[in-house]
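First the structure, in the form of structure tokens, and then the observations on it.
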Number of protein chains: 2
Amino acid sequence: MKTKVIEFERYMEEKGLKSTTQRDEIVNTFFNVKGHVSIEELHHTVQKKNPKIGYTTVYRTLKLLTESGLAHERQFGDGQARYEAVTTEEHHDHLICLKCGTITEFENMKIERLQEDVAKEHGFKVKNHKLELYGYCKKCRNEVK
Amino acid sequence: MKTKVIEFERYMEEKGLKSTTQRDEIVNTFFNVKGHVSIEELHHTVQKKNPKIGYTTVYRTLKLLTESGLAHERQFGDGQARYEAVTTEEHHDHLICLKCGTITEFENMKIERLQEDVAKEHGFKVKNHKLELYGYCKKCRNEVK
DNA sequence: GTGAAATTGAAAATTGATTTCAATAATAGT
DNA sequence: ACTATTATTGAAATCAATTTTCAATTTCAC
């Protein structure tokens, strides 16, 4: 994700922040990892390339990515925050398997529109939203009663 | 909410648990407080009546209420769990104001149905779900840009 | 190069949730 | 009512995730 890295560099510059080896490695790794990583997972991956990089720096870089709008921080009830790369402008929601933990994304414009309707009814101005369906995925549903 | 208190007593009996002054006071207070309370908030309210009641007992009683199905535990991204009394069998979702923190509930069967459709497309079996709209309520939306 | 300003990372602090344990209280059986 | 058994209480300790601190290091503008 070269463009994403460039966007991040632009954000850093704009904020007067410095470019460092650690940040570059963390950001690159983040955009090359699929799905929804925790700080610890990303730290672990990053350390394979450069064992000197500390947990704190990964933590701080993920905060920067979140601030810059290039990552989203999410809570899926497993006790730790997970970060996902923002790829398109399209919002998407999540299916979370309670057995294997797999997180699948989906989009549904009809639901989005109905949400706006609901908000309007309440005089509410939506900034963002979160829709999560918890249950069992195709693979696991047969194994669980 | 007298009936809720009775249901709780039934659950306690069924589980061979004892009835105590502390539990009674906590449960009563919980059902008389509107909305979505954190452990700390409920503890604070309970202490006004009986300053001897400890945080841990409030914590444990909320767990019991959750186990018994009389309360739901929720996470609204402010870092601490919030508990809400289960009043009807109807599922509902939430509008959360980012300025004043007010939490409003809503129901929308069309959205529920569309969620089922999405799940079906993915071969997913939904056990429960969470839909939260974050933004500004009628009161606050005028004050925020 | 030099110096001001930002970054790093180990360790410490903080937060919210959960467990431990000795003292206390509730209930069943007598 | 008495006693034995068992559960409950709450302060303090523990835990796990997150966040802050601070001295040493690195970056970048000049």
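If you're wondering where the values come from, they're calculated on a predicted model, not measured in any experiment. Chain A is the first sequence line, chain B the second, and so forth, proteins listed ahead of strands; every chain is numbered from 1.
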>> Run the ring-ring contact (aromatic ring centres under 6.0 Å, His included) test on His36(B) and Phe76(B) for me, step by step, so that the C-alpha distance in whole Å, both residues' side-chain angles and the decisive distance to 0.1 Å come before the verdict.
In response: CA-CA 10 Å; His36(B) 306 73; Phe76(B) 294 118; 5.8 Å; yes
> Which whole-number value in Å describes the distance from Ile39(A) CD1 to dT20(D) P?
Replying inline: 12 Å
>> Can a donor-acceptor pair be found, under 3.5 Å and without considering hydrogens, that links the side chain of Arg23(B) to the backbone of Lys18(B)?
In response: yes
> Is the backbone N or O of Ile103(B) less than 3.5 Å from a side-chain atom of His94(B), with the two atoms forming a donor-acceptor pair by type?
Replying inline: no
> Between dT18(D) atom P and Arg74(A) atom CZ, what is the distance in whole Å?
Replying inline: 16 Å
>> Once you apply a heavy-atom cut-off of 4.0 Å, does Arg23(B) come out as touching a base, just sugar-phosphate, or nothing?
In response: sugar-phosphate
> How many Å lie between OH on Tyr55(A) and P on dA16(D), as a whole number?
Replying inline: 13 Å
> Checking all strands, does Lys63(B) fall into the base, sugar-phosphate, or nothing category for heavy-atom contacts under 4.0 angstrom?
Replying inline: sugar-phosphate
> According to the interplanar angle, ranging from 0 to 90°, do the rings of His129(A) and His91(A) count as parallel (below 30°), tilted (30 to 60°) or perpendicular (above 60°)?
Replying inline: tilted
> What is the distance from CD of Gln80(A) to C1' of dC15(D), rounded to the nearest Å?
Replying inline: 14 Å
> On DNA chain D, nearest-nucleotide positions of Thr57(B) versus Gln22(A): which is more 5'?
Replying inline: Thr57(B)
>> From NZ of Lys52(A) over to C1' of dT25(D), roughly how many Å is that when rounded to an integer?
In response: 12 Å
> Can you list the other members of the hydrophobic cluster that holds Met109(A), where links are side-chain heavy atoms under 4.5 angstrom apart?
Replying inline: none
> Among His72(A), Glu41(A), Glu73(A), which residue meets the side chain to side chain donor-acceptor pair (under 3.5 Å) test with Arg82(A)?
Replying inline: Glu41(A)
> Quick one: Ile53(A) CD1 to dT25(D) P, roughly how many Å, whole number?
Replying inline: 18 Å
> Counting only N and O atoms by type, is there a donor-acceptor contact under 3.5 Å from the side chain of His122(A) to the main-chain atoms of Phe106(B)?
Replying inline: no
>> Quick check on DNA chain C: between Thr21(A) and Thr21(B), whose nearest nucleotide comes earlier from the 5' end?
In response: Thr21(A)
>> For a 4.0 angstrom threshold against heavy atoms of chain A, report the outermost contacting nucleotides of DNA chain C in 5' to 3' order.
In response: dA5(C) to dA11(C)
> Which one, dT9(D), dC28(D), dT6(D), comes nearest to the side chain of Lys18(B)?
Replying inline: dT6(D)
> What nucleic acid atoms does Ser19(B) come within less than 4.0 Å of, heavy atoms only: base, sugar-phosphate, or nothing?
Replying inline: sugar-phosphate
> Rounded to the nearest Å, what distance is computed from the OH atom of residue Tyr59(B) to the C1' atom of nucleotide dA13(D)?
Replying inline: 14 Å
>> Can you see if the side chain of Thr56(A) gets near the phosphate of dT20(D) - specifically, an N or O under 4.0 Å from OP1 or OP2?
In response: no
> Roughly how many Å is it from CG in Asp78(A) to P in dA16(D), rounded to a whole number?
Replying inline: 15 Å
